[in-house]
Every structure is written in structure tokens, then in C-alpha cells.
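Computed from a predicted model, the values in this text were never measured in an experiment. The sequence lines fix the lettering, A, B, ..., with proteins before strands; numbering per chain opens at 1.
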2 protein chains.
Amino acid sequence: MYDVAERSGVSIATVSRVYRTPDSVRAQTRERVLEAARQLGYVPSGNARGLASRTTGVLGLCFPDYADADAEADAEADSDADDAVMLYSDQIIRGMERAARRHGYALLIAASLEGGPESLVAKVAGRVDGFAVLAQTVPTEDLEVISRRLPVVMLAGPREIDHLDHIVVANADGERELARHLIEDHGLRRLAFVGGEAESPDAEARFLGFQEACRDAGLPVPDEPDLRAEMMTQAEGARAAEALLDRETEWPQGVLFANDQMAVGALRALERRGVRVPEDIAVTGFDGIPLSRIVRPPLTTVRQPIRQLGEQAVELLVQRLGNSGREPVSLMLPVSLIRRASCGCG
Amino acid sequence: MYDVAERSGVSIATVSRVYRTPDSVRAQTRERVLEAARQLGYVPSGNARGLASRTTGVLGLCFPDYADADAEADAEADSDADDAVMLYSDQIIRGMERAARRHGYALLIAASLEGGPESLVAKVAGRVDGFAVLAQTVPTEDLEVISRRLPVVMLAGPREIDHLDHIVVANADGERELARHLIEDHGLRRLAFVGGEAESPDAEARFLGFQEACRDAGLPVPDEPDLRAEMMTQAEGARAAEALLDRETEWPQGVLFANDQMAVGALRALERRGVRVPEDIAVTGFDGIPLSRIVRPPLTTVRQPIRQLGEQAVELLVQRLGNSGREPVSLMLPVSLIRRASCGCG
DNA sequence: ATCTAGGGTGAATGCGCTTTCATAAGAGGG
DNA sequence: CCCTCTTATGAAAGCGCATTCACCCTAGAT
């Protein structure tokens, strides 16, 4: 910048003005400066600008390190498809990028590895005006500290810190609606629910919705999921399906899985065992992943508006950047039931 | 930082050391500092650190503003699927993010809107250690200037600036292999090629491959594509298919489209006209988009390793950051033929 | 007891920019 | 022709950190 100033015979203040407030500089001077900048290959330092102006024009996203889950998903899917499957994080990124672009922000993304001062989270936090975090990505205490300095919005998970903005999807509502559909529209009465580990807030919320539907329909209300999977993967789903079949008791008429991955695994296991879906047993998932459309039979599920999650996150951040005094909000995004063949529809 | 230093009774230099080189500080001192930082909610400023150390630990990606293309794609696809389709840019982002993470970098992404000093490109360039650009995203002259200051790698397109690293996919090879397959394995002789606008380097490279295959097989070598679509969309593909049918001359035995979108549109148009694929006419695409698998009949196509494109980009950037003297390289990533029903396979 | 290393710490400088505040140069008005 | 009011520009003070150099202190060697 000093070089540009010297070369064009002005002060650095004027060079700065050329970039920040072009109209405040005489056209002739401005051209001289821009020409010099071009000749010198001048690239303004975002760091310096950010330091001086205390703002970066960048929003951030921290998401968990899915590396293992991906490797697994890739291995399970036919290799043909592994490039095609859009992950949760991909969709959030896309949503945030769109919204950020609309507001003139760039987006900084990083998967958190471990914690500690040198973590990527710390790097992100120091380089953005505000950021979103996927639940269970960053240790609560770190978030607690960081959120005192800049806007943070928490996505999809329990509200661990109450002064943070927070967005979830309507897990319970979705599962309740799904169960209601099975009960009322398909006349099923003996339903089983396969959940995840008790620490998964999503899975728990979905089970809650299932309970509500049972209650609403006057059916017995289970205290616990019939089965809990550790990993919520296809393999676990297959295992759960077989466990359900091998029980002494009569088969359930329908099985609700806490996510699509498990339901897909179950579909395959049932096919191997010669159990017809939906004639013998109805199967449902949750999430609305692409795979749910492709499997046979197509999976009835509940779609989460993941992209909107990202867009809303940016909206909240931008709002708070404009008005830091705003009360923290907690949004719940509506989900939508997708009826396909695996429950008997279509 | 000054506050932290004061509170823990040390100098700012020591605070800095606690974060940069923890081992050089006595454990007891370090704990005092970290405790003070926690109490004060200290978040190190990435800007200041970047300014002082002249490095950001961030890599960047600039890609075109697909907003319009997306809206169109969403409208064409059943609404059910619009969240599921992974775009070109999504895949590159994923690839770059993975690779960047491995090397300890975060990723800054921005879709370029217009040019000018205030463009997102300028913002990205000033905040990263190096970045990748999708072809035709950033004006060549801007890139010329920026690339004098930091590593830039150009993705998928002509090599406009010869001192830049550059990665392309083997468009010509792929199309040649595809045409060879149609000619040799399926015995087709009368082939048509539907290209894009002459300015699209990808489409042109693919046509080149087609020409080569004709030459290799001793077939007449066309000078120009039989048809050129303006937009390479489904609608244009459908139109092209109909135009081909309506010609005076005999129908071709096979039609190679320069991308999947057009081929899919053609598939639908042919179905409407009662033309059977592949019995009456074979159809092929290029890209390997997810949709190509779902349409009926499934589309024979050439898959681009888009994710690898992103990963390689990061590798090149990291290499160059380590050794700025390295000669610029130009990589060509191999593609793979995917044989499905639309050419008569399967 | 004195000397020597070496680890731990502080003072000071500068990274490249934004932003007042002050000043100079014109533009009208009397 | 002098005075006031804009408009364009310059000078200078940080922004928050990394880093060098100098210094002090302690432990081991002599």
C-alpha cells in the first residue's frame, strides 16, 4: 500500500479511500491509484484491514469431523454413488454460502479436530465476525468463552448455552406425524421404535414424538425405544431388524427407525430374510437422505430442511451483528413427511 | 491480550508464547495465563496474528455464481430431489475441505459476483495463503495481478495464465473412449455430437475426443458438432434431440451429448416422441451427475473425478507454499466411462 | 565462592490498514 | 478582494499480535 501510494504520488490514506469509499476521491486521483495498484500487483491485506476496522466480512461454520462416517458410507454405497451423496454438512454449507453471499459475506468452514487452543475452532473464531456450530462439535466450555466475544448460533442439538441463538428442526413433530400416519392411515397398531444412543438429542426427540403419537392414538406408550443402536448406521439397522424378527413375541406391523441409514440397513436385512416390505412389515426412517429415494422400496421418511438450517443460521448471525442487544432466539424449523412405498403408500 | 497479560502478571510476549509455542513457557506460568484468558473470554485475533506473522492458515476457493443455474435445476427436478443433488461446486468444496483439513488449513469459500475492487474475490485473496479458482470465475487480468502475490491454482478450464498451476480433467480422453465404446462394442457407425457454445472449453475438448474416435475408427470426421446448444441445459438437450429427429437425413444410431443435463433432456424428448433408447437411438452424456443414474434408461456417461479436483488443488497449493520456486504444473485427471443402459449396455 | 549456560521472560518494534483530525485548495457570496 | 463553506488530501495514531534482542535467574561446573 505504501508502494502504491508512493508510485501514484498520494498518501496511504488516499489509497485506502480509493478502496473503502471510492466516491470520496477525485476521479482522476482514483485512476492514478488504481493504475499504480495494477502495475504493482497490489492485493489489499484482509488481515490488516480486519485488524484496523475490527470486522472481517466473513462468517464461519464449524462442523464435526465426519471422516470416519464418510469412509463407512462410501464403503457401503456402491462406489458409483459415493460422489453423489450429499452429506448433512454439505447441505448446511450450501445453505450458509447462499445466504452469506446475499449479505456480502464470505464463508469460512472448518471441521473441528480436537479441542485445545490450537484447534481449528479457535482459528475460525479469530477470523470471522460470527459463526455457526453444529451440535457436539465444540466443547461447551470453549463455546461459552468464545460466544462472549462474537455471535454464535448453535445448530441442531440441545440448547447448551442459553444466551446463544439456536436452531433445531422439529424432530418430535415429524416423528409424531409419521407415527400418526402409520396408525391412522394404514391402521397399524403394533409399532416398534429403534432409537440411537441416549446421548443423541435428535434420536431422543424423535422417540418423544413417537410416544406422543401412541398416546394420541390411545395405544400403549413405551417408556423406552424397543431397541437402541450405538451408531445409527446401516449395519446397526440391519442388526436391529434381525433382532426384532428373532424375538419371541409377534412381529411388529411397522418399525420406525430414528434415521434413514438404519432404516436402509433394515430394508436390506429384511429382504435377505424374505420379509416383504411393506406387506409384512412397514419401515420408516428419518432425515430424507438421497439414498432413501433410491432404495427398494423407496423409504417413507421425514425430510429435514437442512439447507434452510444453514440459511437461517446466517440470517440470525447477520441480525445479531446489526443489533447485538437482541434477545437470543430459538428457532424450530418445520419438517415434512415424505410418503413412499415402504409404509404402504404409493 | 493485554488484559490477559495484566491479569496473569506477565507480558504480552508471554501470552503470545503460550499460544504459539506452549513448551517454551513454564507450565505454571502457562496455566496462569490460560486461566486468565478463560476468565476474560479471550479470543485471539486471527487478523492480528495474520498481520504479524504474514500467514493466515486459510486456503480459499472462488467459484462462479450458480444461482441461476440452480434455480433452473431445482425447477426441473422434482422438488423432492432438489436438496439431494450435489453440484459441481459442492463436490469441489468437499474435496478441498478434506484435503485442507489434513494439512491444518481452514477453507474460505466465496462465489464471485461481479468484479471490481470490492468483489468477493478481492476479499478472499486478501485473507488466504493461497486459493483455487474455477475457470471463468475471475477476470483473467485480476487473476494475473493477484497471482503475483500468492499461489493460485486454476481448475477446469483453459490455461489462461501460464505461470499458474492448473488442473483439468481428461475431457477429450473420456469422450474418445466413450465414442470408441459405441463404435466398437455396439457397432454403431452413424453418430451425432451435440456440443455447447464454442466458448466452453470443456464442451470443445469433448468434441475433440469425439473427432479422434471417429478418426481412429476410420469414420468420417466432422468439423463441427452436429448441433451446438447455447446453454447445455435439459431444455436445450430436448430441443436438440427433436431437431436431430426432424432432419431430412436418416436418424443417427447414437447421439453423444456434451453433458448429462442435455442428455437427460433428450431422453425425455425422445420418450415423448416414442423413440426407444437405446434400441432406436443410443444416448450418452458426460459428467456423471447423480441424475444420470436415476433417469430411465440410466445414462451412459463419463464420470469426472470432481472431488479429486478439489483435493489436488489443495495439494498443489500446499506444495507451492512450501516451495514457491517450483515450476508451474498442469495436471490432467483421468475420467472413467460408466456404461449403463442408454447405450445398450446392461 | 565464582563462572557459565541456558531456560524463561519482558521491552520494543513493526505487520498493513482504517480513521479521526487537521489542513490545503477551490467555490461562491458579499 | 476578503471571508466562509465545501471538498480533497495528508499526518498520525492505533488495531492485536509475533518476534527479536536483551536481560535475569537458576543450576551445574569449576
Side-chain angles (χ1 to χ4, degrees), chain A residues 1-34 36-37 40-58 117-118 122-129 145-146 148-150, chain B residues 1-34 36-37 40-58 117-118 122-129 145-146 148-150:
Chain A
M1 187 162 185
Y2 289 84
D3 298 342
V4 173
E6 186 173 354
R7 182 162 194 138
S8 51
V10 301
S11 73
I12 60 164
T14 298
V15 177
S16 175
R17 278 189 275 262
V18 167
Y19 287 89
R20 308 302 312 150
T21 55
D23 291 338
S24 73
V25 176
R26 211 180 354 155
Q28 175 190 340
T29 313
R30 195 190 319 146
E31 283 312 316
R32 261 209 335 270
V33 170
L34 287 175
L40 290 168
Y42 169 61
V43 178
S45 155
N47 284 324
R49 177 178 298 189
L51 184 56
S53 67
R54 268 164 293 269
T55 156
T56 66
V58 177
E118 266 319 292
K123 178 182 294 181
V124 170
R127 312 201 83 87
V128 300
D129 289 339
V145 170
I146 294 173
R148 302 223 294 274
R149 295 290 180 187
L150 45 76
Chain B
M1 187 161 184
Y2 289 85
D3 297 343
V4 173
E6 186 172 355
R7 181 162 196 138
S8 51
V10 300
S11 74
I12 61 162
T14 299
V15 177
S16 175
R17 278 189 275 262
V18 166
Y19 287 88
R20 306 305 310 152
T21 54
D23 292 339
S24 73
V25 177
R26 207 172 5 144
Q28 175 190 339
T29 313
R30 193 190 321 145
E31 283 313 315
R32 259 204 344 265
V33 170
L34 287 176
L40 291 168
Y42 169 61
V43 178
S45 156
N47 284 324
R49 176 178 296 188
L51 184 56
S53 67
R54 267 164 293 269
T55 157
T56 66
V58 177
E118 264 322 290
K123 178 182 294 183
V124 170
R127 313 200 81 88
V128 300
D129 290 338
V145 170
I146 294 173
R148 301 222 294 272
R149 295 290 180 185
L150 45 75

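- Rounded to whole angstrom, the span from the CD atom of B/E6 across to the C1' atom of C/dG10 amounts to 15 Å.
- Comparing the end axes of the helix from C/dA1-D/dT30 to C/dG30-D/dC1, each fitted to five base pairs by superposing C1' atoms of four pairs onto the next four, gives an inter-axis angle of 40° (nearest 10 degrees).
- For the residue pair B/R7 and B/A36, the shortest heavy atom distance occurs at CG-CB, 3.9 Å.
- Protein atom CG of A/D3 is 9 Å distant from nucleotide atom P of C/dG16, rounded to whole Å.
- The shortest non-hydrogen separation linking A/A48 to A/S45 is N-OG, 2.9 Å.
- The aromatic ring centres of A/Y2 and A/Y42 sit 6.0 Å or more apart.
- Two residues are said to be in side-chain contact when any heavy atoms from C-beta on lie closer than 4.5 Å; A/D129 and A/V58 fail this criterion.
- A sub-4.0 Å separation between OP1 or OP2 of C/dG10 and a side-chain N or O of B/T14 is present.
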Show your reasoning for whether side-chain contact (heavy atoms from CB on, under 4.5 Å) applies to B/N47 and B/R127. CA-CA 9 Å; B/N47 284 324; B/R127 313 200 81 88; 2.8 Å; yes
Short N/O separations, protein against nucleotides 20-24 of chain C, under 3.5 angstrom:
none

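- Backbone-only engagement by A/V25 is indicated by non-hydrogen atom pairs under 4.0 Å involving sugar-phosphate atoms exclusively.
- For A/L40 and C/dG16, the CG to P distance is 14 Å, given to the nearest whole Å.
- One can place CZ of B/R49 at 18 Å from P of C/dG16, the figure rounded to the nearest angstrom.
- What you find for B/I146 and A/V43 is that their closest heavy atoms are CA-CG2, 3.9 Å.
- Between B/R54 and the phosphate of C/dC15, there is no side-chain N or O to OP1/OP2 separation shorter than 4.0 Å.
- Contacts of B/G9 with the nucleic acid, taken as non-hydrogen atoms under 4.0 Å apart, involve only primed sugar atoms and P, OP1 or OP2.
- With a cutoff of under 4.0 Å to any heavy atom of chain A, the contacted region of DNA chain D is bounded 5' to 3' by D/dA8 to D/dG16.
- From B/T14, atom OG1 reaches atom CD1 of B/I12 across 9.5 Å, with rounding to the nearest 0.5 Å.
- For the pair A/K123 (side chain) and B/G57 (backbone), a donor-acceptor distance under 3.5 Å is present.
- Distances from the side chain of B/S11 to the nucleotides C/dA12, C/dA11, C/dT18 place C/dA11 closest.
- Comparing C/dC17, C/dG10, C/dT9 by their closest approach to the side chain of A/M1 singles out C/dC17.
- With rounding to the nearest 0.5 Å, the separation of CZ in B/R17 from OG in B/S11 is 6.0 Å.
- Side-chain atoms of A/T21 do not come within 3.5 Å of backbone N or O of A/S24 as any donor-acceptor pair.
- Residue B/R26 places at least one side-chain N or O under 4.0 Å from the OP1 or OP2 atom of C/dT9.
- Rounded to whole Å, atom P of C/dC17 lies 11 Å from atom CG of A/L51.
- A donor-acceptor pair under 3.5 Å is absent between the side-chain atoms of A/R49 and the main chain of A/T56, judged by distance alone.
- At a threshold of 4.0 angstrom between heavy atoms, the contacts of B/S45 are confined to the sugar-phosphate backbone, with no base atom among them.
- Looking at every heavy atom in both residues, A/L150 comes nearest to A/A125 through CD2-O, 3.2 Å.
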